[in-house]
J.: 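Pasting a structure below so you can have a look.
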Amino acid sequence: MPEIAQDNSVGLVTPELVSFTTPLTLSCGRDLPQYDLMVETYGTLNTSRTNAVLICHALSGDHHAAGYHSQDDRKPGWWDTSIGPGKAIDTNRFFVVCLNNLGGCAGSTGPTSINPETGKLWGPDFPVVTVDDWVESQARLADHLGIKQWAAIVGGSLGGMQVLEWSIRYPDRLRNAVVIASAPKLSAQNIAFNEVARQAIMSDPDFHDGHYLDKGTLPASGLGLARMVGHITYLSDDAMKAKFGREMKDKHFNFDFGIEFQVESYLRYQGESFSKRFDANTYLLMTRVLDYYDPASRYNNNLVEALSHATAKFLVIAFTTDWRFSPERSEEIANALHTAQKEVSYLKVEAPQGHDAFLMDIPRYTAALTAWMEHVADESDALLTGSAI
Amino acid sequence: MRKDFEVISQWITPGSHILDLACGDGELLQLLQKNKHVQGYGLEINEGNILQCLKRRVNVIEQDIDKGLLNFADCSFDTVVMTSALQALHNPDKVLDEMLRVGKECIVTFPNFGHWRCRLYLSLKGRMPVSEFMPYSWYDTPNIHFCTFRDFEALCHNKRLRIVNRLVTDQQHQSNPLAQLMPNLFGEVAIYHLRPK
């Protein structure tokens with residue numbers, strides 16, 4: 001843990017495994033008789049439990065959103081730029097909850113857990129879950145924590161879809177919704193990229209129809225390739241140009257198919273390191289969660305109708321060079337919300353980083369989120385029982 | 001309270017649905033939320049102003065109104081307001097059309113280029129007027145479509161708009177008797193309340 005990070009960091013954090021024994025009926029029709037969720041929390045829940053904020057993670061994220069797990073950690077949690085004392089999501093004021101979603105591979109029940117019915121690893125037999133299932137499991141986590149209503153639910157990308165679903169499914173259980181770099185459903189192009197990623201994994205000879213752990217192998221090259229494709233879609237053309245350009249590894253061409261350009265070296269490194277820390281079956285499942293999500297489909301394909309029961313105040317943020325979930329996709333959400341006469345603000349933030357911008361400390365983005373969350377915190381304080389306000 | 005906002009506030013129906021074009025720092029919307037319990041949105045492109053709106057807890061949508069209001073349905077607002085922005089638009093006439101498409105009525109304010117000081121400046125100095133309230137030179141001004149009250153009313157006539165109400169004030173938004181008598185010569189700012197005929 002870098003010394004310098006101490007002041008505005010939540011510091012050392014310890015995740016907690018929460019077990020649920022009431023069966024959860026999933027969208028696919030199957031029941032999960034019991035399941036665990038790996039959860040991390042920062043800050044203190046106030047006496048009236050009005051200051052809880054749920055953070056929803058994206059495709060490859062997990063419960064570790066802020067702080068460090070040990071003194072030796074080099075990197076903090078995935079959204080440490082925005083979560084911590086004095087930061088946009090201020091842990092001096094909020095009780096922040098982040099969990100690894102069902103089907104994940106960071107401790108929550110998923111393909112790498114043991115199926116209690118068979119005593120074997122779930123592997124590819126783990127049910128394909130949906131955003132709806134996640135929200136149901138998150139609602140049960142809220143019950144477990146005694147949180148009747150979230151002060152805010154915040155998420156980027158696939159996380160933003162969970163925020164949307166919360167606002168539709170449980171309008172009374174959140175006061176504010178922050179949807180960042182997200183979309184109300186995937187486009188054909190988005191699904192196409194996911195399919196390339198899945199094919200990369202499933203065509204790896206070490207995949208063994210998903211039973212690779214039983215065989216003592218890992219489809220590392222397939223998963224790495226999937227991550228490489230994904231990673232390209234997270235960066236903008238400009239960001240790649242600025243970072244690598246056509247910079248070579250050697251001074252001259254080698255006239256072969258080894259690594260010639262720095263961008264190739266970077267992508268391979270990203271692919272390899274990801275395949276060591278992530279589970280291939282979980283990756284397949286996460287991409288399907290994305291593909292399936294389309295809340296309007298339950299309301300005559302009308303997003304305005306889908307959001308008509310929402311009562312939260314919304315903040316929708318997009319980034320100019322994000323082509324995975326472009327500003328137009330966020331505008332679909334913002335337009336549906338103002339057409340339904342909901343409280344909504346929308347920002348299109350100039351940023352060269354592409355989709356990844358949502359994880360970064362971009363001054364305008366951070367200032368907007370900070371200003372927004374300050375009101376959320378003030379309102380949470382005002383709701384404290386016995387408050388003078 | 002700014003006099004123009006005070007006037008606009010009086011013309012707004014309590015509890016109505018409002019769209020504020022080029023809403024600036026959100027002061028007017030905040031005022032209308034507080035005093036008139038309106039629900040609505042401000043459209044703005046200036047980053048600093050957008051942040052101020054968020055700080056005021058006013059709904060703000062980042063959108064360039066010169067590109068139209070296609071994402072808003074016909075008659076979806078009771079009143080569409082636009083203060084001190086008409087002269088800075090590329091297509092003020094088209095924006096006016098849009099305002100009365102998405103709103104049942106609109107309120108517009110703008111400075112009068114026919115004011116005697118502007119006329120005197122141009123006729124005596126032979127140069128484009130520069131003043132405390134219009135401090136820009138012709139080449140760097142954001143105000144690219146100046147008009148006089150008479151010009152604006154001619155446009156309203158062409159568009160078959162009904163002027164429900166008009167109030168002429170000075171730059172401090174105070175009214176004075178001369179401006180009421182000869183608005184196009186002595187009025188500095190006008191607040192128009194318009195509906196389709």
J.: Just how far is it from atom NE2 of A/H338 to atom CD of B/Q63, taken to the nearest 0.5 Å?
T.: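 Interatomic distance, A/H338 NE2 to B/Q63 CD, rounded to 0.5 Å: 6.5 Å.
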J.: Output the distance between atom CD (A/Q341) and atom CD (B/Q39), rounded to the nearest 0.5 Å.
T.: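 If we round to the nearest 0.5 Å, A/Q341:CD and B/Q39:CD are 6.0 Å apart.
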J.: For the NZ atom on A/K342, are there more than 12 heavy atoms of other groups (residues, nucleotides or ligands in this structure) within a distance under 6.0 Å?
T.: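 Counting other residues, nucleotides and ligands, NZ of A/K342 exceeds 12 neighbours.
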J.: Crowded around B/K36 NZ? As in, over 12 foreign heavy atoms under 6.0 Å?
T.: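 Yes, NZ of B/K36 has more than 12 neighbouring heavy atoms, counting only those of other groups under 6.0 Å.
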J.: Between CH2 of A/W372 and NZ of B/K55, what distance do you get to the nearest 0.5 Å?
T.: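 That separation rounds to 15.0 Å.
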J.: Are there residues of residues 343-368 of chain A that reach to under 4.5 Å of chain B by heavy atoms, and which ones?
T.: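 Interface residues of residues 343-368 of chain A: A/E343, A/V344, A/S345, A/Y346, A/L347, A/K348, A/R364, A/A367, A/A368.
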J.: Please round to the nearest 0.5 Å and tell me the distance separating atom CG of A/N335 and atom CD1 of B/I61.
T.: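 One finds 7.5 Å between CG of A/N335 and CD1 of B/I61.
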J.: Sub-4.5 Å heavy-atom contacts with chain B: which residues of residues 309-334 of chain A show up?
T.: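 Within residues 309-334 of chain A, the residues that come under 4.5 Å of chain B (heavy atoms only) are A/K313, A/L315.
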J.: Got more than 12 heavy atoms from elsewhere within 6.0 Å of CZ, A/R298?
T.: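 Yes, CZ of A/R298 has more than 12 neighbouring heavy atoms, counting only those of other groups under 6.0 Å.
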J.: Is B/I50 close to chain A through its backbone or its side chain, or both, or neither, when contacts mean heavy atoms under 4.5 Å?
T.: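 It is the side chain, since no backbone atom gets that close.
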J.: NZ of B/K34: more than 12 outside heavy atoms within 6.0 angstrom?
T.: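 Open: at most 12 neighbouring heavy atoms sit under 6.0 Å from NZ of B/K34.
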J.: For A/L369, which atoms come within 4.5 Å of any heavy atom of chain B: side chain, backbone, both, or neither?
T.: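 Neither part.
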J.: More than 12 heavy atoms of other residues, nucleotides or ligands under 6.0 Å from NZ of B/K159: is that the case?
T.: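 Count over threshold, so yes.
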